[in-house]
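Heads up: the structure comes next, in structure tokens.
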Amino acid sequence: MSTGRTSPDKCGLYIVFSCLRVPQLACIISAFFLVLDKGIRWWDISNRIMFSWCFCIIGTLTIVILELYRFPTDFPFCWYNFSITYACYAALTCLSAAIFYPITYIKFLPYDASRNRAIAATVFSCIACVVYVMEVACIWECYKLKEIPCYVHTMPGLLKVLETFVACVIFVFISNTSLYMDQPALEWCVAVYSICFILAVVAMLMDRDEWESRLPVSFPVFHLGLTFLSILLHFTALVLWLLYQFDEKYGGQPQQSSDVNCIDRTTNGMCTWDQRLAVAILTAINLLIYMADLGYWAHQVSVGTGGQPTDS
């Protein structure tokens, strides 16, 4: 898509940096160091949540450094698209960390100082999420995005962000290869998650005039086809995952008590059965998001809208 170069004045940039970026870093770094203690026993899910906080710290620091030493207009890419996209992902990352950390880790901690620090880290993650959302709103205002085309500022853009983020969370859980190894049906599910993630990323990158002109079909039809394919793939993955993970006829475990890894809840924050259930729920959520995406593009095709999506 064609975009003009419009950047806020130095005062606006300074306000964004001082009033939003500093609290973001303060909250995430506080959350990180609160639980970075030798007395805390680290489980897999906790390490992954720690990695998500590190991602936000590194990403935010990188943006701060780039904005301090080179103004966004110096970059060949659309800076406002990049900064808003990152802020959306960072907000979702902090939100997911604040959700998964208590239910998979904190509730298994003893009532001592380590538990209090973990709770405080969760609170800081929630605050960081709110500040990242505020950054998105602030950047929209600074760059006057209502007058500048921005894919993330549209309904399909936000849906694509959600689709790719949910896929990343699924990847975190299926990094435990024991969930699907040596089972072709479940390995197909993993392939589906990877294929759909790649298709969503491609759809986001293709949202430019130089690429749209090379498409053999109109832009809405292109997205409609990709989304429909993703829905079919996700549907097969959801059905196969539920059958082979929870149906005894296919070797699944219908109840949590049937998983020996879930017996000792004091030594494992999230057992294998919980991870299977989490993947199933996230697959269903992503399927619903893709269906909303399909509905949007079906409407665009039906009304004959060409080119860029609107903010409807």
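The number of heavy-atom neighbours closer than 6.0 Å to CZ of Phe55, taken from other residues, nucleotides and ligands shown, is above 12. Within a 6.0 Å radius of CZ in Phe171, more than 12 heavy atoms belonging to other residues, nucleotides or ligands are found. Residue Phe246 places its CZ atom among more than 12 non-hydrogen atoms of other residues, nucleotides or ligands, all under 6.0 Å distant.
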Evaluation steps, side chain to side chain contact (heavy atoms under 4.5 Å, CB included), between Tyr250 and Asp247: CA-CA 6 Å; Tyr250 298 91; Asp247 194 330; 3.9 Å; yes

Do Leu159 and Met155 pass the side chain to side chain contact (heavy atoms under 4.5 Å, CB included) test, and can you show the C-alpha distance, the side-chain angles, and the key distance before you say yes or no? CA-CA 6 Å; Leu159 290 174; Met155 177 62 70; 4.1 Å; yes

Determine, step by step, whether Leu243 and Val239 satisfy the side chain to side chain contact (heavy atoms under 4.5 Å, CB included) criterion, reporting the C-alpha distance in whole Å, the side-chain angles of both residues, the deciding distance to 0.1 Å, and the verdict. CA-CA 6 Å; Leu243 286 177; Val239 172; 4.0 Å; yes

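His234 places a side-chain N or O within donor-acceptor distance of the main-chain N or O of Ser230, the cut-off being under 3.5 Å. The main-chain N or O of Leu179 is never found under 3.5 Å from a side-chain atom of Gln275 such that the two would form a donor-acceptor pair. Trp273 contributes a side-chain N or O that, together with a main-chain N or O of Gln253, makes up a donor-acceptor pair within less than 3.5 Å. Judged by distance alone, with hydrogens and angles left aside, the side-chain atoms of Thr227 form no donor-acceptor pair with the main-chain N or O of Leu224 at under 3.5 Å.
Between Arg48 and Ser175, some side-chain heavy-atom pair lies under the 4.5 Å cut-off. The shortest distance between side-chain heavy atoms of Leu92 and Leu162 falls below 4.5 Å. Ser125 places a side-chain heavy atom less than 4.5 Å from the side chain of Trp53. Using a 4.5 Å cut-off on side-chain heavy atoms (C-beta onward), Leu240 and Leu186 make no contact. Inter-residue side-chain proximity for Val161 and Met204 is flagged as met; some heavy-atom pair is nearer than 4.5 Å. Val169 places a side-chain heavy atom less than 4.5 Å from the side chain of Phe100. At least one side-chain heavy atom of Cys94 sits under 4.5 Å from a side-chain heavy atom of Cys56. Between Tyr132 and Ile28 the shortest side-chain heavy-atom distance falls below 4.5 Å.
In this structure, CG in Leu294 is found 4.0 Å from CD1 in Ile231, a value given to the nearest 0.5 Å. Between the OG atom in Ser178 and the CD atom in Gln183 there is a gap of 10.0 Å [rounded to 0.5 Å]. Taking CG from Asp274 and CD1 from Ile281, the interatomic distance works out to 9.5 Å, rounded to the nearest 0.5 Å. Distance check: Ile63 CD1 to Ile58 CD1 gives 12.5 Å after rounding to the nearest 0.5 Å. In this structure, CD1 on Ile29 lies 11.0 Å from CD on Gln24, to the nearest 0.5 angstrom. The CG atom of Leu287 lies 10.5 Å from the CD atom of Glu163; values are rounded to the nearest 0.5 Å.
Leu288 and Leu226 fall within the same hydrophobic cluster, defined by Ile, Leu, Val, Met, Phe, Trp and Tyr side-chain heavy atoms under 4.5 Å apart, directly or through other members. Under a hydrophobic-cluster definition in which Ile, Leu, Val, Met, Phe, Trp and Tyr are linked whenever side-chain heavy atoms come within less than 4.5 Å, directly or via other members, Val221 and Leu232 are assigned to the same cluster. Hydrophobic clustering (side-chain heavy atoms under 4.5 Å, transitive across Ile, Leu, Val, Met, Phe, Trp, Tyr) keeps Val130 apart from Val133. There is no path of hydrophobic side-chain contacts, each under 4.5 Å, that joins Val172 to Ile106.
Aromatic ring pairs are classed by plane angle as parallel below 30°, tilted from 30° to 60° and perpendicular above 60°; the pair Phe165 and Tyr89 is tilted.
Counted by atom type alone, Thr60 and Tyr86 present one or more donor-acceptor pairs between their side chains at under 3.5 Å.
Judged by a 6.0 Å distance limit and a 45° cone about the ring axis, Arg115 is positioned over the six-membered ring of Tyr111.
Considering all non-hydrogen atoms of both residues, Ala120 and Leu34 come closest at CB-CD1, 3.6 Å. Nearest heavy-atom pair across Val131 and Pro23 is CG1-CB, 4.3 Å. The minimum heavy-atom distance between Ala203 and His223, with the atom names listed, is CB-CE1, 3.4 Å.
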Got a list of side-chain donor-acceptor pairs under 3.5 Å for residues 194-201, not counting sequence neighbours?
from: Ser194; atom 1: OG; to: Val190; atom 2: O; distance (Å): 3.2

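Between Phe33 and Phe124, the gap from one ring centroid to the other reaches at least 6.0 Å. Checked against the 6.0 Å centroid threshold, Trp241 and Tyr180 do not count as a close aromatic pair.
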